[in-house]
Peer 1: 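There's a structure below that I have some questions on.
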Amino acid sequence: MRQPLVAGNWKMNGSRVSIEVLLGGVKSGIGDVKVAEVAVCAPAIYLPQVQAQLRGTPIAWGGQDVSTHESGAYTGEIAASMLLDFGCKYVIVGHSERRAYHLESDVTVARKYAAARAAGLIPILCVGETLDEREQGVTEAVVARQLDAVIELEGVAALADGVLAYEPVWAIGTGMTATPEQAQEVHAFLRARVAGQDAAVAEGLRILYGGSMKPGNAAELMAKTDIDGGLIGGAALQAEDFLGICTAANGR
Ligand code: 13P
């Protein structure tokens, strides 16, 4: 049985004050939510604050990006070891916003996955197609290519150390959630693709859905066999909404 994971991706949102309030709310509500696992991925500069607020709670935290390099002359970059230094458990790699706005290629993303894994972080690998790609009928080809880049670099066994997140680009921040059937179809495809190389890794792999997940649609999405939780953007910025999604995961 795969342990569901609800991970918040705050993106470039928040301030010292708003994070204090948000995490205060999540901490006080999480007591009643016996969800298997909850995490928040914060802007790197706030990780010391997140660590201070979440230490000793069941909530894990992580970064939103990581350098492909271990250390050195890479101005502005954050190394996996630095994330670990502040208690991170997770790091998102290959989010579609990084792929689109920072021109991260599949190979770069695979190297980030490798860097996170080598340091002992759990990478959350994001894959997903644009609306154009869906309309052209190439969704499976796109997510397969994004997944295969990691398998080619690290081997299929490396997926046992990570989490996969299917985030259709057209559903991110648009309110246009994929239907549970649309999401399940891609999740099942991804799991089958991994199973083609290693059935045990595929069976254990958590595949999260991301893209306008809210308390109102989380339960029906997570009721699907291959949807093992959510990667939450907008709804992770309000304690009540985030907790609502955690409750849905709890009922899975
Ligand atoms: P929204 O939940 O705001 O659509 O964002 C999803 C996302 O990109 C999480 O990584």
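For reference, positions follow the sequence shown, starting with 1. Both counts, for ligands and for their atoms, begin at 1 and track the order of listing.
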Peer 1: Would you say ligand 1 has an N or O under 3.5 Å from any N or O of I232?
Peer 2: no
Peer 1: At under 4.0 Å between heavy atoms, which part of N9 makes contact with ligand 1: side chain, backbone, both or neither?
Peer 2: side chain
Peer 1: I need the atoms of ligand 1 closer than 4.0 Å to a non-hydrogen atom of H95, numbered in the order shown.
Peer 2: 7 (C), 8 (O), 9 (C), 10 (O)
Peer 1: A side-chain contact here means heavy atoms from C-beta on lying under 4.5 Å apart; do H95 and E167 qualify?
Peer 2: yes
Peer 1: Run the numbers for me: atoms of ligand 1, each under 4.0 Å from some heavy atom of A171, listed by number.
Peer 2: 4 (O)
Peer 1: Compute the minimum heavy-atom distance from G175 to ligand 1 and say whether it is under 4.0 Å.
Peer 2: no
Peer 1: Look at the aromatic rings of Y74 and H69 and report parallel, tilted or perpendicular, splitting at 30° and 60°.
Peer 2: parallel
Peer 1: For the backbone of G14 and the side chain of S18, can you confirm whether one donor and one acceptor N or O come within less than 3.5 Å of each other?
Peer 2: no
Peer 1: Check E37 with K89, please: is the shortest side-chain N to carboxylate O separation under 4.0 Å?
Peer 2: yes
Peer 1: Could you report the tightest heavy-atom contact between C246 and V38, atom names first, then the distance?
Peer 2: SG-CG2, 3.7 Å
Peer 1: To the nearest 0.5 Å, how far apart are CZ in R191 and CG in L164?
Peer 2: 9.0 Å
Peer 1: Quick one: do R98 and E104 make a salt bridge, cutoff under 4.0 Å?
Peer 2: yes
Peer 1: So if I count the atoms of ligand 1 from 1 in the order they appear, which ones are less than 4.0 Å from some heavy atom of G234?
Peer 2: 1 (P), 2 (O), 3 (O)
Peer 1: Who gets closest to atom 4 (O) of ligand 1 by heavy atom: A7, A235, A165, G173?
Peer 2: G173
Peer 1: Applying a 4.0 Å heavy-atom criterion (strictly less than), which segment of C126 is in contact with ligand 1: side chain, backbone, both, or neither?
Peer 2: neither
Peer 1: Looking at every heavy atom in both L22 and A239, which two are closest together, and how far apart are they?
Peer 2: CD1-N, 3.5 Å
Peer 1: So if I count the atoms of ligand 1 from 1 in the order they appear, which ones are less than 4.0 Å from some heavy atom of E167?
Peer 2: 6 (C), 7 (C), 8 (O), 9 (C), 10 (O)
Peer 1: Report yes if some N/O of S212 lies less than 3.5 Å from some N/O of ligand 1; otherwise report no.
Peer 2: yes
Peer 1: For a quick test of reading the model, state the closest non-hydrogen atom pair linking P43 to N13 and the distance between them.
Peer 2: CG-O, 3.8 Å
Peer 1: Specify the protein heavy atom at minimum distance from atom 2 (O) of ligand 1: its residue, its atom name, and the distance to 0.1 Å.
Peer 2: G233 N, 2.9 Å
Peer 1: Which of the atoms in ligand 1, numbered in the order shown and given with their element, are less than 4.0 Å from a heavy-atom of K11?
Peer 2: 5 (O), 6 (C), 7 (C), 8 (O)
Peer 1: Would you mind listing which atoms of ligand 1 come within a distance below 4.0 Å of any non-hydrogen atom of G211?
Peer 2: 4 (O), 6 (C)
